[in-house]
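Following: one structure in C-alpha cells, then a few remarks.
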2 protein chains.
Amino acid sequence: MRQIAHEVGVQAGALYRYTPDKQTLLFDLMRGHMDALLAARAAAAGGVAVFDTPLIRLDEFVRFHIRFHLERPDAVFVSYMELRNLTPENFAALEALRRDYEDQLEVILQSGVAAGEFGLTDTKITTLAIIAMLTGLTTWYREDGRLPLTQIERIYTGLVRGAVGVS
Amino acid sequence: MRQIAHEVGVQAGALYRYTPDKQTLLFDLMRGHMDALLAARAAAAGGVAVFDTPLIRLDEFVRFHIRFHLERPDAVFVSYMELRNLTPENFAALEALRRDYEDQLEVILQSGVAAGEFGLTDTKITTLAIIAMLTGLTTWYREDGRLPLTQIERIYTGLVRGAVGVS
DNA sequence: CATTTAACTGAACATTCGTTCATTTGAAAA
DNA sequence: TTTTCAAATGAACGAATGTTCAGTTAAATG
C-alpha cells in the first residue's frame with residue numbers, strides 16, 4: 001500500500017479514502033480488467049459478426065484477444081498472478097466473468113463444428129487450450145521483438161486454424 | 001518461513017540449517033524442478049527417438065509434457081508463480097534451463113519442417129505457443145474431471161498436430 | 001560411563017505490513 | 001472574510017516478516 005501510495009504521490013493512509021482495504025482494491029482492479037475485456041469483446045463482436053462464418057469469427061476472436069491483452073500487459077499480469085490472493089468469494093466472482101469470456105470462444109467453435117467447417121474432438125478443452133496458447137503470448141512478446149504484431153497475429157491465427165481442424 | 005517450518009514440524013530457525021536464506025530455498029526448489037524436467041526428458045527421448053519420424057517424436061513430447069506436469073502440480077505452480085520473486089541472477093539461470101527444454105521441442109518442429117511433414121510459419125513462436133497450450137492444462141485439470149487422462153492426451157496431441165500443420 | 005557433535009528450540013532483533021485516526025491543509029461556499 | 005468540509009498528513013498500532021543466536025536436547029562416539 002505504501003508503494004502504491006508513493007507512485008500516486010500520496011501517503012499510505014490517504015488510499016483508504018478510495019478503498020476500504022487492500023483486498024477490495026485488488027478485486028476492483030481485476031474485476032475492472034474483466035469488465036473491460038467483456039465490454040470490448042461485446043463491442044467487437046456486436047457488429048455483423050453473427051452473419052459471418054465460424055472461421056471469420058474465429059480469426060477475429062484471435063486477433064481481438066491478442067490485441068486486447070498486449071495493450072495492457074500490467075493488468076494481464078496482475079490478473080493472472082494475483083488470483084491466489086483473492087478471497088474465495090472474490091475469486092468465484094472473477095471466475096464467472098472469465099467463463100463468460102471463454103464461452104464466447106466456445107460458441108464459435110461449436111458453430112464451426114455444427115457447420116462441418118471445424119474438425120475438433122472437444123469444444124471445451126479446445127477453448128481452454130486456445131486461450132492458454134494466446135495468453136501465453138503476453139509472457140514473451142516485446143514491442144521491439146523480431147516480428148511485427150501483424151505478423152504475429154497471422155502466425156497465431158494459423159496455429160488456431162490448425163488446432164480447430166479447419167479444412 | 002514459519003509456515004514451511006510448521007508443515008515440516010519444526011521451528012522457523014531450524015530451517016536455516018538447510019538453507020542460507022529464503023531466496024536460496026526458492027531457487028533450489030525451482031532449479032530442482034527444472035533439473036528433474038530435463039532429466040526426465042533426456043530419459044524419455046534417449047531411446048530410439050532419433051530414428052523416429054518428427055510426428056512420432058512430437059506426439060511423444062506432448063504426452064511427456066502433459067504427464068510430467070500433471071504429476072507435480074505444486075512444483076509447476078511454484079515454478080510459474082514465483083518467477084518474479086527470484087533475483088535477476090537466479091531468474092536468468094532458470095530461464096536458461098527453460099530454454100534448453102523449449103529447444104528440444106523446436107528441434108522436433110524444425111526436423112518436421114525440413115522433412116516436409118509439418119507446415120508451419122515460425123518454429124520459435126510455434127514452440128512457445130505449444131508449450132503455453134500444454135502447460136495451461138495444469139490450471140484446470142482435475143483427476144476426477146470429465147475425461148480420463150488418456151483421452152485428454154489424445155485431444156492435445158490432435159490440437160498440436162493441427163497447429164504444426166501436419167498433413 | 002563421559003564427551004563430542006549435530007539438530008533444534010525459543011526468544012529476540014530490526015523491518016515491514018495493513019490499517020486507523022486526530023490533526024492539518026486548502027479550496028469552495030456562505 | 002469567515003465558515004465549511006473533503007482531502008491528505010503523519011504518527012502510531014499491532015501483527016507478521018526473515019533472520020540470528022545462546023542455550024537445550026539427544027543421539028553418536030570414545
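Just so it is clear: chains get the letters A, B, ... in the order the sequence lines come, proteins before strands, and each one is counted from 1.
- Scanning for side chain to side chain contact (heavy atoms under 4.5 Å, CB included) contacts around A:Ala12 gives A:Arg2, A:Ala5, with sequence neighbours left out.
- Interface limits on DNA chain D: the 5'-most and 3'-most nucleotides within less than 4.0 Å of chain A heavy atoms are D:dA6 to D:dA12.
- Residue pairs meeting the ring-ring contact (aromatic ring centres under 6.0 Å, His included) criterion with at least one partner in residues 11-34 of chain B, sequence neighbours excluded, are B:His33-B:Phe68.
- For A:Arg142, there are no side chain to side chain donor-acceptor pair (under 3.5 Å) partners at least two apart in sequence or on another chain.
- Remark: B:Arg17 pairs with no residue by the side chain to side chain contact (heavy atoms under 4.5 Å, CB included) rule, at least two apart or across chains.
- Annotation: side chain to side chain contact (heavy atoms under 4.5 Å, CB included) contacts of B:Val62 (sequence neighbours excluded): B:Ile66, B:Leu134, B:Tyr156, B:Thr157, B:Val160.
- Non-hydrogen atoms lying under 4.0 Å from DNA chain C are contributed by nothing in residues 80-90 of chain A.
- By the ring-ring contact (aromatic ring centres under 6.0 Å, His included) test, B:Phe61 pairs with B:Tyr101, sequence neighbours left out.
- Scored by the side chain to side chain contact (heavy atoms under 4.5 Å, CB included) test, A:Thr135 finds A:His65, A:His69, A:Tyr80, A:Ile131, A:Thr138 as partners (sequence neighbours excluded).
- The side chain to side chain donor-acceptor pair (under 3.5 Å) search around A:Asp103 returns none, not counting sequence neighbours.
- Between the side chain of A:Glu82 and the backbone N or O of A:Leu26 there is no donor-acceptor pair closer than 3.5 Å.
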Per-nt protein contacts along nucleotides 14-28 of chain C (heavy atom under 4.0 Å; B base, S backbone sugar-phosphate only, - none) come out as ---BBBB--------

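- Contacts of A:Glu102 classified as side chain to side chain donor-acceptor pair (under 3.5 Å), with partners at least two apart in sequence or in another chain: A:Arg98.
- The side chain of B:Gln11 places an N or O atom within less than 4.0 Å of a non-bridging phosphate oxygen (OP1 or OP2) of C:dG10.
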